[in-house]
Every structure is written in C-alpha cells, then in structure tokens.
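Input: a single structure, listed below in structure tokens.
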Amino acid sequence: QVQLVESGGGLVQAGGSLRLSCAASGRTFSNYIMAWFRQAPGKEREFVAALSSSGGRTYYADSVKGRFTIARDNAKNTVYLQMNSLKPEDTAGYYCAAEFRNFDVGSYYQWDAYDYWGQGTQVTVSS
C-alpha cells in the first residue's frame with residue numbers, strides 16, 4: 001500500500017511555470033513506477049508523464065513533450081512535474097499515480113494500469 005499527496009497546483013498565466021510535487025508514503029518508493037495524469041471537466045483522464053522505478057526511462061504525452069519534465073527524488077519519496085510554457089489547454093486536475101508491478105511500455109500510458117492515486121491538485125492557466 002502507498003499513499004500519495006499532491007501539491008503545487010494553482011493559477012498561473014499562459015507562458016508561466018509551476019512545479020507539482022507528489023509525496024509518497026508506505027512501501028518502498030524506489031520500487032514504484034510513477035506517473036502524472038490530468039483530467040479537465042467533461043473530458044477523460046489523460047496521460048501526462050511517467051517515470052520508471054529506476055528513473056532511467058521517462059515517457060511523455062506529445063502535448064507536453066519539451067515543456068514538462070518528470071523527475072523523482074527517492075531520498076525524499078517524492079516525484080515532481082515541472083511544467084513550463086503553460087498553455088490554457090493545460091488547465092486540469094493533475095493526479096499522481098503509482099504502480100508497484102513492472103509492465104510493458106504501452107501500459108505506462110494507461111490510467112487503469114495504476115493501482116494507487118492521489119487526490120489531485122488543480123492547475124489553472126489563464127490566457
């Protein structure tokens with residue numbers, strides 16, 4: 001079992017930056033695949049970024065590639081999402097997810113592959 005708590009959301013102007021944090025507690029954090037998903041009102045939850053347990057592999061949605069960076073600090077049991085050059089279409093609730101099992105590359109992008117979720121943090125980008 002692992003508990004996830006996100007923080008760092010807020011209101012920012014287009015072109016600005018935010019850094020989201022997800023603090024994990026429970027089982028050994030370094031064994032978990034970590035990911036960020038987002039969901040805007042009336043839309044399906046969508047993949048944003050993911051990071052292998054070792055941190056050696058990262059995956060990004062095309063819509064955020066080059067603007068967002070996912071990273072983990074295993075000593076602090078925390079995963080981060082650095083978001084730069086934010087756009088109004090990035091407005092959504094952002095959710096941290098974790099999974100203990102290893103899975104294939106395709107599963108990194110699937111929200112239902114992850115067993116553990118945080119409560120979410122809202123990001124609003126004004127134009």
Heavy-atom neighbours of Trp117 CH2 exceed 12 at 6.0 Å: yes
Same apolar cluster (I L V M F W Y, side chains within < 4.5 Å links), Tyr116/Leu20: yes
Distance-minimising heavy-atom pair for Cys96 and Leu4: O-CD1, 3.7 Å
Residue pair Phe29 / Val79: nearest heavy atoms and the distance that separates them: CZ-N, 4.0 Å
ILVMFWY cluster, Met34 and Tyr59 together (side-chain gap under 4.5 Å): no
Non-neighbouring partners of Lys65 that pass salt bridge (Lys or Arg N to Asp or Glu O under 4.0 Å), sequence neighbours left out: Asp62
Ser52 backbone acceptor or donor facing Arg57 side chain under 3.5 Å: no
Any donor-acceptor pair under 3.5 Å from Glu99 side chain to Arg101 backbone: yes
Same apolar cluster (I L V M F W Y, side chains within < 4.5 Å links), Leu86/Ile70: yes
Minimum heavy-atom distance Gln39-Lys43, with the two atoms named: NE2-O, 3.0 Å
Cluster check Phe68, Val125: I/L/V/M/F/W/Y, side chain < 4.5 angstrom: yes
N/O donor-acceptor pair under 3.5 Å between Gln82 side chain and Arg19 backbone: no
Joint hydrophobic cluster, Val64 plus Val123, side-chain heavy atoms closer than 4.5 Å: yes
Asn31 and Ser53: side chain donor to acceptor below 3.5 Å: no
Within 45° cone and under 6.0 Å: Arg45 NZ/CZ vs Phe37 ring: no
Close aromatic pair by centroid cut-off 6.0 Å: Phe103 and Tyr114: yes
Close side-chain approach of Leu51 to Tyr108, heavy-atom, < 4.5 Å: no
Under 3.5 Å donor-acceptor, Gln13 side chain and Ser126 backbone: no
CA sep, side-chain torsions, deciding dist, call: Ser63, Arg38, side-chain contact (heavy atoms from CB on, under 4.5 Å): CA-CA 12 Å; Ser63 58; Arg38 67 186 181 187; 3.5 Å; yes
Side chain to side chain, Glu6 and Gln119, heavy atoms closer than 4.5 Å: yes
Least distance between heavy atoms, Ala14 atom then Ser127 atom: CB-CA, 4.4 Å
Qualifying residues under side chain to side chain donor-acceptor pair (under 3.5 Å), relative to Asn77, sequence neighbours excluded: none
